[in-house]
Amino acid sequence: MADPKGFLTTGREVAQTRPVGERVRDWNEVYVPGSLLPIISKQAGRCMDCGIPFCHNGCPLGNLIPEWNDYAYREDWAAASERLHATNNFPEFTGRLCPAPCESACVLGINQPAVTIKNVEVSIIDKAWDANDVTPQIPERLSGKTAAVIGSGPAGLAAAQQLTRAGHTVVVYERADRIGGLLRYGIPEFKMEKRHINRRIEQMRAEGTKFRTGIEIGRDLTSTDLRKRFDAVVIAAGATTARDLPVPGRELNGIHQAMEYLPLANKVVEGDFVAPPITAEGKHVVVIGGGDTGADCVGTAHRQGAASVTQLEIMPKPGEDRNAGQPWPTFPMLYKVTSAHEEGGERVYSVSTTHFEGDEDGNVQSLHLIEVEFVDGKLTQKPGTERSIPAQLVTLAMGFTGTDVENGLVAQFGLALDERGNIARDADFATNVGGVYVAGDAGRGQSLIVWAIAEGRSAARGVDRYLTGASSLPAPIRPTDRSLMV
């Protein structure tokens with residue numbers, strides 16, 4: 001184990017963030033560079049070697065957390081990196097973006113602050129890159145089989161890397177102009193700088209994976225063409241159909257889905273625009289939706305110089321501590337203050353939008369809302385609580401309802417959907433169409449990055465077995481597995 005007294009003598013410390021006044025003037029990651037290195041070994045030493053590490057259950061990848069905590073405590077960074085990569089293709093992504101259900105399941109967290117698993121993870125992988133310990137894993141021989149992966153988000157990339165390393169020839173198709181999916185254009189730069197994606201792509205290219213951007217399967221290339229060219233297909237196109245808000249005034253200018261707004265800010269950082277076509281500069285901004293995507297809109301609006309930012313959530317404000325209905329080791333719904341919220345703005349809970357009002361030119365100017373409450377399990381409006389707030393830019397961050405069916409991909413393949421509108425699959429992640437598999441949000445529905453990577457790895461095993469008759473690739477989850485929640 002690590003330090004046998006670590007959790008008794010060392011308190012929890014996390015990465016330092018840069019001052020708000022500094023970080024809102026740039027798009028760099030919010031954390032102080034190098035702030036973890038002086039403390040991270042002791043933090044890893046807080047791991048209890050608890051015998052039954054429930055952190056494994058909290059993490060769908062089954063990460064070997066006590067093992068790499070021990071190596072990090074001893075500062076054996078190469079061994080820690082090896083253990084980290086044994087279950088996770090992209091720990092620099094999860095270490096920055098995952099909400100860390102593993103920490104919610106940490107045994108120490110029953111009555112003390114949990115181990116900073118996520119900070120240890122990102123420290124290990126950053127040290128590995130600095131030491132050139134992350135190298136291409138080129139297959140010893142090629143199978144002669146080919147596979148196409150549709151979508152280059154975390155599920156698609158994980159499936160592609162696993163299949164390439166198994167010796168298959170893999171081509172990843174991405175409809176955007178750059179590889180990365182929502183990692184590239186849905187996650188702001190201040191949460192994860194895109195250099196982390198770029199160097200993984202270079203590793204994958206060196207291993208043999210091929211990438212094709214600007215090609216949308218279903219429109220630019222038909223399913224028939226794809227199935228003629230490849231022995232197997234993995235659909236990892238995500239759940240990109242956004243939930244809308246059908247209220248009066250929705251058609252006004254200035255009301256956008258979050259995924260119409262956020263990618264443009266990332267394209268400015270990439271150098272595609274001098275200024276984004278949709279900007280919060282000088283405007284009263286309202287973000288509808290209280291989740292992580294909503295917080296991303298808040299942080300982006302701050303950096304663009306918004307006059308004010310208000311985030312609306314229809315559900316009640318969560319508590320700051322676990323309640324009886326969310327006991328350890330389940331993932332609790334807690335009040336969370338992200339780096340974006342630290343930067344300012346107002347958060348309003350238990351409200352519902354009734355309609356928008358605009359000016360004579362059709363531009364949104366205000367949002368009307370009403371307070372809501374649960375009565376006998378039903379969401380009910382509270383009479384007399386109506387009010388309006390200024391709104392010159394509104395972003396809708398209310399989640400996603402399923403994979404895109406308008407581009408023809410689902411219909412062309414003849415794919416069956418489940419009752420939730422996701423692409424149906426069997427225990428091997430295979431669809432109803434022979435040789436066609438599905439991984440990530442397209443089959444699971446909107447979920448976390450760590451589940452996407454786990455799905456990509458598991459689907460790769462199914463594909464490998466289909467192509468060769470057997471597979472030694474790991475499959476950390478089943479399609480029916482769900483988060484450790486109540």
Verify the neighbour count for atom CG of Asp321: are there more than 12 heavy atoms of other residues, nucleotides or ligands below 6.0 Å?
-> no
I would like to know whether Thr353 and Val286 meet side chain to side chain contact (heavy atoms under 4.5 Å, CB included); could you show each step before the answer?
-> CA-CA 11 Å; Thr353 302; Val286 178; over 6 Å; no
Side-chain donor/acceptor of Glu313 to backbone N/O of Tyr349, under 3.5 Å = no
With a 4.5 Å heavy-atom cut-off, do Ile125 and Val134 have their side chains touching?
-> yes
Pair Tyr185-Arg178, side-chain donor/acceptor within less than 3.5 Å | yes
Keeping the roles fixed (side chain from Thr241, backbone from Thr401), state whether a donor-acceptor pair exists under 3.5 Å.
-> no
Rounded to the nearest 0.5 Å, what separation is found between the CZ atom of Arg444 and the OG1 atom of Thr403?
-> 14.5 Å
Within the side chain of Asp244, is there an N or O that forms a donor-acceptor pair under 3.5 Å with the backbone of Pro246?
-> no
Quick one: does Glu455's side chain have a donor or acceptor within less than 3.5 Å of a partner on Gly440's backbone?
-> yes
In Å and rounded to the nearest 0.5 Å, what is the CE to CZ distance from Met398 to Phe400?
-> 10.5 Å
Are Phe413 and Arg227 side-chain neighbours, meaning at least one heavy-atom pair lies under 4.5 Å?
-> yes
Arg219 atom CZ: more than 12 heavy-atom contacts under 6.0 Å = yes
Donor-acceptor contact below 3.5 Å, side chain Gln326 vs main chain Met333 = yes
Would you find a donor on one side and an acceptor on the other, under 3.5 Å apart, between the side chain of Asp126 and the backbone of Ser123?
-> no
Could you list the residues that satisfy side-chain hydrogen bond (donor to acceptor under 3.5 Å, both in side chains) with Asp292, not counting sequence neighbours?
-> Lys336
Which of parallel (below 30°), tilted (30 to 60°) and perpendicular (above 60°) describes Phe230 and Tyr173?
-> perpendicular
Any donor and acceptor pair, going by atom type alone, linking the side chain of Thr395 with main-chain N or O of Cys297 inside 3.5 Å?
-> no
Here the gap from Lys382 atom NZ to Ile370 atom CD1, rounded to the nearest 0.5 Å, amounts to 10.0 Å
From CG (Leu367) to CD (Gln365), nearest 0.5 Å | 12.0 Å
More than 12 heavy atoms of other residues, nucleotides or ligands under 6.0 Å from CD of Glu320: is that the case?
-> no
Could you pull out the closest heavy-atom pair between Asn266 and Ile187, with the gap in Å?
-> ND2-O, 3.0 Å
On the ring face of Phe190, is Arg303 found with NZ or CZ under 6.0 Å from the centre and within 45° of the axis?
-> yes
Do Glu357 and Ser388 get their side chains close enough for a donor-acceptor pair, meaning under 3.5 Å?
-> no
Is the side chain of Gln311 donor-acceptor paired with the backbone N or O of Gly289 at a distance under 3.5 Å, no angle test?
-> yes
Would you say Leu157 and Arg200 make side-chain contact, with heavy atoms under 4.5 Å?
-> no
Is it the case that more than 12 heavy atoms not belonging to Glu281 sit under 6.0 Å from its CD atom?
-> no
Would you tell me whether Gln381 and Glu386 have side-chain atoms, one donor and one acceptor, within less than 3.5 Å of each other?
-> no
Does the distance from a Lys or Arg side-chain N to an Asp or Glu carboxylate O, for Arg184 and Glu174, drop under 4.0 Å?
-> no
List the steps, then state whether side chain to side chain contact (heavy atoms under 4.5 Å, CB included) holds for Gln257 with Arg243.
-> CA-CA 9 Å; Gln257 291 288 351; Arg243 182 173 286 108; over 6 Å; no
Before giving the answer on side chain to side chain contact (heavy atoms under 4.5 Å, CB included), spell out for Asp404 and Glu216 the whole-Å C-alpha distance, their side-chain angles and the decisive distance to 0.1 Å.
-> CA-CA 11 Å; Asp404 187 353; Glu216 185 170 10; 4.2 Å; yes
Once you round to the nearest 0.5 Å, how far does CD of Gln304 lie from OH of Tyr261?
-> 3.5 Å
Only one of Lys191, Arg96, Lys194 forms a salt bridge (Lys or Arg N to Asp or Glu O under 4.0 Å) with Glu29, so which one is it?
-> Arg96
4.5 Å side-chain heavy-atom contact, Cys59 and Pro101 | no
